[in-house]
There are 2 protein chains.
Amino acid sequence: MLIEEIINGILPLPPLARQRLEACVTEVAYAKGHILLQANKVERAMYFIKKGIVRAYSEYGDNEITFWFGKEGDPVLSMKSYVAKDRGYEDIELLEDCALYEIQTSQLEQLFGEDIHIANWGRRLAEKELMKTEERFISRQCRTATERYKELIQESPHLLQRVQLGHIASYLGITQVSLSRIRAEIR
Amino acid sequence: MLIEEIINGILPLPPLARQRLEACVTEVAYAKGHILLQANKVERAMYFIKKGIVRAYSEYGDNEITFWFGKEGDPVLSMKSYVAKDRGYEDIELLEDCALYEIQTSQLEQLFGEDIHIANWGRRLAEKELMKTEERFISRQCRTATERYKELIQESPHLLQRVQLGHIASYLGITQVSLSRIRAEIR
DNA sequence: GGTAAAATTTTACAAATGATAAAAATTATC
DNA sequence: GATAATTTTTATCATTTGTAAAATTTTACC
């Protein structure tokens, strides 16, 4: 996926603003298993996924809890680092070899202060992420695990092909055993 | 709470920008029980709470599910309406007589296009809301109902004085009966 | 292709939560 | 302040989900 598409997908920018933003972007690539962002660290870069799939998870007691998957075009950042300049909750692990667009948040912040189009682009980015988080929150609050699994199949069928079920289970907020049960019932 | 404090609490604005923003604000007051924002409607206003307490809830099947409380200083808006110009999920009900600051989102959007400080203020608003939603999401994912209840007592002890337990229970994602059990165990 | 490792499913049992109904306590109203 | 209405607690039983361990399937690697 091209950075231009990703940027304009958030908020279409006039050519000059887009050039300024794109000038901050560098391409990087890491192998499957690489930890892109670390929990308990103030991260100074954010990414967009050009190619590949990643997950965000937290260690909690013995087991890790996956709470987000990112795919092509998605932004990857520690919100806690990005917004509050504080240590993040999550590790972000590459589930496939990935190509990424990298931006230093310090550069981005400078542009936010200089270019009103980019400031509104950044606003839009946060707003869209907020919508997604809210939707998942409400889905979690209102629907049963079975409904959430069916919803996931509907909306992200590709994910099931690319991610192992243990991660999916913890993403849905249930154990792998529960997910197995649900899958058996549906069949 | 003064609108000036609320605005500067999100992002301190230079005097001119703050004046422009405050010029959009009107004060309104409604009685306990009033529905400020309606589910399944594209809402065109947002609010900040000057005085009082509100809740956001969705009807789901027979029962309603409360998923947010707002108190003095908090923004009140349907994210779906504000961000996507789409019908919101939630009703927002006043749990006490409230004094509110009202802003038409159309006016706000115009300012976002005209004033870079206000654009960055809007970015900050979305970012902070995102952080809050994310924290609650993670708390929900990682902690038991009992832990979440204790967390709530710690962080918002006032809420328990002002809101009935049925709403608190559904906010915590459990039934009122479960919450009663938890309260009995803790004592 | 065979072996080891990892992932997934299945099973049995335990713990947590939900549903329902009824009792107790609190709050609102006249 | 008495009565009704609402809210909260308690009790019982059913259902869901979790834990642990074993069985099966899939994947990775030599």
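A, B, ... follow the sequence lines: proteins, then strands. Residue 1 opens every chain.
- Considering only the side chain of Val177(B), dT20(C) comes nearest among dG18(C), dT8(C), dT20(C).
- As rounded to whole Å, 11 Å separates atom P of dT10(D) from atom CD of Glu185(B).
- Rounded to whole Å, atom P of dT17(D) lies 6 Å from atom CD1 of Ile182(A).
- Projected onto DNA chain C by closest heavy-atom contact, Gly166(A) and Ala145(B) fall at different nucleotides, the more 5' of which corresponds to Gly166(A).
- Phe137(A) does not carry Arg140(A) over the face of its six-membered ring by the limits of under 6.0 Å from the centre and within 45° of the normal.
- Listed pair Ser180(A) / dT8(C) fails the phosphate criterion, with no side-chain N or O lying under 4.0 Å from OP1 or OP2.
- Between the P atom of dT9(C) and the CD1 atom of Ile174(A) lies a distance of 11 Å, rounded to the nearest Å.
- Mapping Ala184(B) and Gly173(A) onto DNA chain D by nearest heavy atom places Ala184(B) at the nucleotide closer to the 5' end.
- Arg136(B) has no carboxylate O lying under 4.0 Å from a charged side-chain N of Glu129(B), or vice versa, which leaves the two without a salt bridge.
- A straight line from CD of Gln161(A) to P of dT26(D) spans 14 Å, rounded to a whole angstrom.
- Salt bridge Glu135(A)/Lys132(A): absent, no basic N to carboxylate O contact under 4.0 Å.
- Per the geometry, CG belonging to Leu165(B) stands 12 Å off P belonging to dT10(D), to the nearest Å.
- Applying the 6.0 Å contact sphere to CD of Gln110(B) captures no more than 12 heavy atoms from other residues, nucleotides or ligands.
- If you check every strand for non-hydrogen atoms under 4.0 Å, Leu179(B) touches nothing.
- To the nearest angstrom, C1' of dA28(D) lies 10 Å from NZ of Lys32(A).
- Comparing dG18(D), dT7(D), dT9(D) by their closest approach to the side chain of Gln164(B) singles out dT7(D).
- Regarding contacts with the backbone of dG18(D), a side-chain N or O of Thr175(A) is found under 4.0 angstrom from either OP1 or OP2.
- If you take CZ of Arg140(B) and P of dT17(C), they are 11 Å apart, rounded to a whole angstrom.
- A straight line from CG of Leu172(B) to P of dG18(C) spans 11 Å, rounded to a whole angstrom.
- Aromatic ring orientation, Phe69(B) versus Tyr171(B): tilted (interplanar angle from 30° to 60°).
- Contact annotation: Arg183(A) reaches the phosphate of dT9(C) (side-chain N/O to OP1 or OP2, under 4.0 Å).
- For Ser178(A), counting side-chain heavy atoms from C-beta on, the closest listed nucleotide (dT7(D), dA19(C), dG18(D)) is dG18(D).
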